[in-house]
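Taking it in order: structure first as structure tokens, then the write-up.
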2 protein chains.
Amino acid sequence: MIRKLETHATLDRRDREAIRALPHHVRTFDASAYLVREGDSLQHCSVLVSGYAFRQKVTGDGLRQIVSLHIPGEPLDLQHLFLDLADHNVQTLTRAEVAIIPRAALQSLALSHPAIGHALFVNMLVEGSIFREWALNVGRRDARTRLAHFLCEFAARLEAQGLDGGRGYELPMSQEQIGDALGLTAVHVNRTMKLLESEGLIVRTKRRIDIPSWTALREVADFSSRYLHLRTKAG
Amino acid sequence: MIRKLETHATLDRRDREAIRALPHHVRTFDASAYLVREGDSLQHCSVLVSGYAFRQKVTGDGLRQIVSLHIPGEPLDLQHLFLDLADHNVQTLTRAEVAIIPRAALQSLALSHPAIGHALFVNMLVEGSIFREWALNVGRRDARTRLAHFLCEFAARLEAQGLDGGRGYELPMSQEQIGDALGLTAVHVNRTMKLLESEGLIVRTKRRIDIPSWTALREVADFSSRYLHLRTKAG
DNA sequence: CGGTATTTTGAGCAGTGTCAAAGACGGTGG
DNA sequence: CCACCGTCTTTGACACTGCTCAAAATACCG
């Protein structure tokens, strides 16, 4: 499972052994639990074994911006692997199992095994790319496009990770949280959601999102998966 | 000069030698020249020797979002060091000198010299942190705060880089570009700029920005330099 | 000195936010 | 199995920030 993420980006040989040998323990967190708080000095990194999580920062007057989501199988704290003080919060979205790894162990592994270092570099850079796309999304697209884009990204990433995804998926977030991710109000998310639904671009069943026509949604969303740097096809 | 950036984050020994020995050549670009275009497959990375540059992405219907700025001395394309296709554009802001380094050379250096690898990791992660802060800025702060925050970031980074900064600096951007960085219109940037000026938070002389009271601006801007992960004091 | 890019200003509009309240849902204890 | 609660989702009315369009005033450059 831990290994899976590494291969997400680059092929290793029996570096896998080294990774599997990493000291770690798995812990379960409830929904909404904080894994990292801004200002913490970090001693370990983690990998999401199951469940969903997200990163967020809050403004001086309490407004929250979700900066990225994490789906099962993704490493959670590479972003802080080489930084000493957390600059944002990491929180679970649902109940989740997290593999916790001492930072030092992963650091030295990264620096001593070129292939692993490479994989980590790639992983970090892809995350960086996702941050950039979010900035574009939040800064320059209107609510409808923005939401559609968000839904596309989630679908694409789930699929790339080998989970369901493509035609539909369960979106484990409240509209309030979606709003925080998009820089919108929960109320407006609701309206926009219904708009997309009324246009036939998505079908909602509770929190499940189904996508009748990927190309149609993708079109409206101004979505291109390039920034995800997937090795698979899709688009 | 190239070395300077590496030390920005972490101390090296005579890894510096290795860095200085990197094959490279310096090239001068005009203002607004493209260094990288989205979709390019990259063969080299670069370091800004002098001048300013920025990264941007554009929306399907031509709206542009500037995702980050680069000041003299910063490495420019670490973001793509281990990714094959560019996911955004890199452009000069002013006439600039750029040191161009073959990607492969830097890659192997990063993977074979732990200290250098470490420095690069840190550099990438700090950039990532800046992206996150931009997302927060653009997504959750109103125009006034957003602009003030932007001005603070620029000041803090200039200062950290040992350039002027602190009390005032030359902002090498048109209001149109500032707008693209903040997700605002040039017109609104203008109004907001004048607002900050009328409040005595900044003093403008052409494109020069002077900051009468750092604490006052910092306050309004909801700015904390934590996310820049500077090793210096400031705040 | 003319021509072009940038900064200012004004007036009116629109996309989102606010505030409030009414459903829906899902879980809990009896 | 049901009533009760707290959390989400919906809806409506209305306000406001930031956008558009346009044109005037400046600044910059050869």
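Here is how names work: the chains are called A, B, and so on, in the same order as the sequence lines, proteins then strands, and each is numbered from 1. Atom set for the values below is all heavy atoms of this structure, side chains included, hydrogens, waters and symmetry mates excluded.
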Query - Closest-nucleotide ordering on DNA chain D, the 5'-leading residue of Gln175(A) and Arg140(A) - result: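 Result of the comparison: Gln175(A).
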Take atom [atom1] of [X] and atom [atom2] of [N], then tell me their distance rounded to the nearest Å.
{"X": "Arg146(B)", "N": "dG18(D)", "atom1": "CZ", "atom2": "P", "result": "7 Å"}
{"X": "Ile178(B)", "N": "dT6(C)", "atom1": "CD1", "atom2": "C1'", "result": "11 Å"}
{"X": "Leu182(B)", "N": "dC19(D)", "atom1": "CG", "atom2": "P", "result": "10 Å"}
{"X": "Glu176(B)", "N": "dC21(D)", "atom1": "CD", "atom2": "P", "result": "13 Å"}
{"X": "Leu147(A)", "N": "dT9(D)", "atom1": "CG", "atom2": "P", "result": "13 Å"}
{"X": "Asp61(A)", "N": "dT18(C)", "atom1": "CG", "atom2": "P", "result": "11 Å"}
{"X": "Met173(B)", "N": "dT7(C)", "atom1": "CE", "atom2": "C1'", "result": "15 Å"}
{"X": "Leu171(A)", "N": "dC8(D)", "atom1": "CG", "atom2": "C1'", "result": "14 Å"}

Report task. May I ask you to say what Gly179(B) touches in the nucleic acid, namely base, sugar-phosphate or nothing, with a heavy-atom cut-off under 4.0 Å? Result ->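 Counting heavy atoms under 4.0 Å across all strands, no contact is made by Gly179(B).
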Please check the phosphate of [N] (OP1 and OP2 only) for any side-chain N or O of [X] closer than 4.0 Å.
{"X": "Gln177(B)", "N": "dT6(C)", "answer": "no"}
{"X": "Arg204(B)", "N": "dT8(C)", "answer": "yes"}
{"X": "Arg207(B)", "N": "dT7(C)", "answer": "yes"}
{"X": "Arg141(B)", "N": "dG18(D)", "answer": "no"}
{"X": "Lys206(B)", "N": "dC28(D)", "answer": "yes"}

So, does [X] use its side chain to make a donor-acceptor pair with the main chain of [Y] at under 3.5 Å?
{"X": "Thr185(A)", "Y": "Val187(A)", "answer": "no"}
{"X": "Gln79(B)", "Y": "Gly128(A)", "answer": "no"}
{"X": "Ser129(B)", "Y": "Leu125(B)", "answer": "no"}
{"X": "Arg64(B)", "Y": "Ala181(B)", "answer": "no"}

Report task. Salt-bridge test for Lys194(B) and Glu199(B): reply yes if a basic N is under 4.0 Å from a carboxylate O, no otherwise. Result ->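 Answer for the salt bridge query: no.
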Query raised in the report: Looking at Asp222(B) and Arg144(B), does any basic side-chain N land under 4.0 Å from a carboxylate oxygen?
Result: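 A salt bridge is absent here (no side-chain N lies under 4.0 Å from a carboxylate O).
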Report task. Could you check which residues of residues 186-203 of chain B get a heavy atom under 4.0 Å from DNA chain D? Sort them by number, please. Result ->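 The answer is Val187(B), His188(B), Arg191(B).
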Query raised in the report: Stepwise, does the side-chain hydrogen bond (donor to acceptor under 3.5 Å, both in side chains) test hold for Arg55(B) with His70(B)?
Result: CA-CA 8 Å; Arg55(B) 301 166 184 286; His70(B) 288 289; 2.9 Å; yes
Query raised in the report: Taking everything shown except Glu219(A) itself, do over 12 heavy atoms lie less than 6.0 Å from its CD?
Result: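 At most 12 heavy atoms, drawn from other residues, nucleotides or ligands, come within 6.0 Å of this atom.
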Query raised in the report: Can you name the residues that form a side-chain hydrogen bond (donor to acceptor under 3.5 Å, both in side chains) with Glu153(A), not counting sequence neighbours?
Result: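 Counting only residues at least two positions away or on another chain, Glu153(A) forms a side-chain hydrogen bond (donor to acceptor under 3.5 Å, both in side chains) with Trp134(A), Arg157(A), Tyr227(A).
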Query - Angle of first-five versus last-five pair axes in the helix from dC1(C)-dG30(D) to dG30(C)-dC1(D), to 10 degrees - result: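 The helix from dC1(C)-dG30(D) to dG30(C)-dC1(D) shows an end-to-end axis angle of 50°.
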Query raised in the report: Do His44(A) and His24(A) have their ring centres less than 6.0 Å from each other?
Result: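 Ring centres of His24(A) and His44(A) not closer than 6.0 Å.
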